[in-house]
Amino acid sequence: MTIGSKIRYHRMKKNLTQEELATGILSVSYLSKIENNQTTASTEVIELLCSRLGISLIQNDDETLKKTFSEWNRALLKNDCKEAIRLYEVVSPQIIDIDDVTLLNSYHILMIRYHILLKDYESPRDFIRAIEKGYKNLSDKLRFYFHKFVGNLHYARGSYEESNQHLKDAEHYFVLGSILDTEEKADLFYLKALTFVQLRKHALAIHYSEESLSLYQSLYHNKRCAEIHLLLGVCYRRIQNISEAIIHYEWANEISKNIEYVVMRGKVEQNLGYLKSMENRTEEAIAHYLKSLQFKHNDHDSKLTTILALVKEYYKLKRMDEAASWLQEGIFLSKQQKNIEKYYEFRIYGYAVEKLDEEFECFMKDEALPYFENTGNPHLLAQYSKFLGNYYQEIRKYKYAAHYLTKANVAYEKIIGL
């Protein structure tokens, strides 16, 4: 932004008319020419205008701040939390003096991604509103980043349809903005692949995963390559291409071993366990789940998933003592982590291990199923509505059985998009 544009920005910020700013310094017509960058004012005139505006002398060079923004964006792209926080602390004191609208918009957009990195999904709302007000003045490049980060935010919140729409717009502006950054493109395609997996659009998920994988391989980004191989394994497993799923799991595992990516090794074992469970190879599933836990010392949410899987396998084998032992640990950890979803699942299997009775019925009807429905989780709603429906069938309450089995079917149809 030129000096004239900055004068205009600060005048409008102070709610001054051109006449109010110009009086006693220069003519209104001359001020208008300065603000429209049709002429260059003398240093003396600029000093007088800045004095009346109550600001320090404007410099026509924001290159240092632009460079810092670029470094900050790179740290955010790489999920480097420590560096992102350091650069935020460098940038934030300077924001009050920013008089370049483009830089200010860049700051607001980067703050969306910054808060996502910090797992703060509420603070970005104000920044999004600020950007939306001036959206028509954004460059195609800034629109790309805006839509990409908002899509990322919706994904983190579990709003996958909204995420998909924003990422679609981001891909559009990536092309219009002539952005040549390979890692940005790879990251965008990875986000789209993740979103399509959640939407159960597996053909699209595979397409964007493979495109992203190719780009990350060219960048020698092994960690992300391992993550994408795991994602492809999940996609192929869901479409029943088990041999292809295993190939990608093995690639994810091999890369993770080489770069000592411990968390990913735990996820691979988790997915191999799920695959074996699908094939009713229960003992093998348990072996993979137990191995998975060895890599999940501090990843509590993932640990809860594995413990629940173990409970289900032991319950399937009617080894109730072992199921009860893992149930106790799962209930304790889910309370500690305030993971209500997992807590309800553990409670359901707690009843299944101990006794399915009227108390179980009340818990399911009054607490668990309404929670799964209200949080918009059709997978759990389908699974546990069927669980309750089967229970009613066993005790010959066929009217109730029909109700909950129908509820399960409706949820399944929602999942597959019927």
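Note that the numbering runs from 1 along the sequence shown for the chain.
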Shortest non-hydrogen contact from Gly266 toward Ser292: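 Closest approach of Gly266 to Ser292: O-OG, 2.7 Å.
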
Does this structure show an ion pair linking [X] with [Y], if we count only N-O contacts that are shorter than 4.0 Å?
{"X": "Lys78", "Y": "Glu183", "result": "yes"}
{"X": "Asp126", "Y": "Arg129", "result": "yes"}
{"X": "Asp80", "Y": "Arg86", "result": "no"}
{"X": "Arg224", "Y": "Glu227", "result": "yes"}
{"X": "Glu35", "Y": "Arg11", "result": "yes"}
{"X": "Lys407", "Y": "Glu373", "result": "yes"}
{"X": "Asp299", "Y": "Lys267", "result": "no"}
{"X": "Glu244", "Y": "Arg237", "result": "no"}
{"X": "Glu322", "Y": "Arg319", "result": "yes"}

When you measure from the centre of the six-membered ring of [Y], is the NZ or CZ of [X] under 6.0 Å away and within 45° of the axis?
{"X": "Lys312", "Y": "Tyr289", "value": "no"}
{"X": "Lys148", "Y": "Phe144", "value": "no"}
{"X": "Lys201", "Y": "Phe196", "value": "no"}

Aromatic ring pairing [X]/[Y], orientation class (parallel under 30°, perpendicular over 60°, tilted between):
{"X": "Tyr88", "Y": "Tyr114", "answer": "parallel"}
{"X": "His147", "Y": "Tyr135", "answer": "perpendicular"}
{"X": "His108", "Y": "Phe127", "answer": "tilted"}
{"X": "His248", "Y": "Tyr236", "answer": "parallel"}

Using atom types as modelled and distance alone, determine if a side-chain donor or acceptor of [X] lies under 3.5 Å from a backbone N or O of [Y].
{"X": "Asn409", "Y": "Ala411", "result": "no"}
{"X": "Ser212", "Y": "Tyr208", "result": "no"}
{"X": "Thr68", "Y": "Thr64", "result": "yes"}
{"X": "Ser106", "Y": "Thr102", "result": "yes"}
{"X": "Thr375", "Y": "Tyr371", "result": "yes"}
{"X": "Ser256", "Y": "Ala252", "result": "yes"}
{"X": "Trp72", "Y": "Ala84", "result": "yes"}
{"X": "Ser218", "Y": "Leu215", "result": "yes"}
{"X": "Arg143", "Y": "Tyr173", "result": "no"}
{"X": "Glu20", "Y": "Thr17", "result": "yes"}

More than 12 heavy atoms of other residues, nucleotides or ligands under 6.0 Å from [atom1] of [X]: yes or no?
{"X": "Arg8", "atom1": "CZ", "value": "no"}
{"X": "Lys316", "atom1": "NZ", "value": "yes"}
{"X": "Phe387", "atom1": "CZ", "value": "yes"}
{"X": "Glu358", "atom1": "CD", "value": "no"}
{"X": "Met320", "atom1": "CE", "value": "yes"}
{"X": "Glu260", "atom1": "CD", "value": "no"}
{"X": "Lys335", "atom1": "NZ", "value": "no"}
{"X": "Gln328", "atom1": "CD", "value": "no"}

Separation between [atom1] of [X] and [atom2] of [Y], rounded to the nearest 0.5 Å:
{"X": "Glu354", "Y": "Leu327", "atom1": "CD", "atom2": "CG", "answer": "8.5 Å"}
{"X": "Ile128", "Y": "Phe149", "atom1": "CD1", "atom2": "CZ", "answer": "11.5 Å"}
{"X": "Leu191", "Y": "Leu167", "atom1": "CG", "atom2": "CG", "answer": "5.5 Å"}
{"X": "Leu293", "Y": "Lys291", "atom1": "CG", "atom2": "NZ", "answer": "13.0 Å"}
{"X": "Leu308", "Y": "Glu345", "atom1": "CG", "atom2": "CD", "answer": "5.0 Å"}
{"X": "Tyr121", "Y": "Leu153", "atom1": "OH", "atom2": "CG", "answer": "8.5 Å"}

Glu361/Tyr400 under side-chain hydrogen bond (donor to acceptor under 3.5 Å, both in side chains): CA gap, chis, key distance, verdict: CA-CA 11 Å; Glu361 293 177 41; Tyr400 291 115; over 6 Å; no

Worked check of side chain to side chain contact (heavy atoms under 4.5 Å, CB included) between Leu16 and Leu53: CA-CA 9 Å; Leu16 295 175; Leu53 288 167; 4.0 Å; yes

Intermediate values then yes/no, ring-ring contact (aromatic ring centres under 6.0 Å, His included), Tyr384 and Phe372: CA-CA 9 Å; Tyr384 291 111; Phe372 298 144; 5.6 Å; yes

With distance as the sole criterion, is a donor-acceptor pair present between the side chains of [X] and [Y] under 3.5 Å?
{"X": "Gln337", "Y": "Asp301", "answer": "no"}
{"X": "Arg347", "Y": "Tyr343", "answer": "yes"}
{"X": "Arg113", "Y": "Asn79", "answer": "yes"}
{"X": "Gln270", "Y": "Ser302", "answer": "no"}
{"X": "Ser70", "Y": "Lys66", "answer": "no"}

Evaluation steps, side chain to side chain contact (heavy atoms under 4.5 Å, CB included), between Leu213 and Leu232: CA-CA 10 Å; Leu213 179 61; Leu232 283 164; 4.2 Å; yes

Test log, rule salt bridge (charged side-chain N to carboxylate O under 4.0 Å, His left out), inputs Lys192 and Asp187: CA-CA 9 Å; Lys192 286 178 73 73; Asp187 188 57; over 6 Å; no

Full working for side chain to side chain contact (heavy atoms under 4.5 Å, CB included) between Val150 and Asp169: CA-CA 10 Å; Val150 175; Asp169 290 339; over 6 Å; no

Pair Tyr344-Phe363, ring-ring contact (aromatic ring centres under 6.0 Å, His included): steps then yes or no: CA-CA 9 Å; Tyr344 279 136; Phe363 169 73; 5.6 Å; yes

Glu184 vs Asn73, side-chain hydrogen bond (donor to acceptor under 3.5 Å, both in side chains): CA-CA, chis, key distance, verdict: CA-CA 10 Å; Glu184 285 288 2; Asn73 182 47; 3.2 Å; yes

Pairwise side-chain contact, Phe360 with Lys355, heavy-atom cut-off 4.5 Å (strictly under):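 When only atoms from C-beta onward are counted, Lys355 and Phe360 do not touch, as no gap falls below 4.5 Å.
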
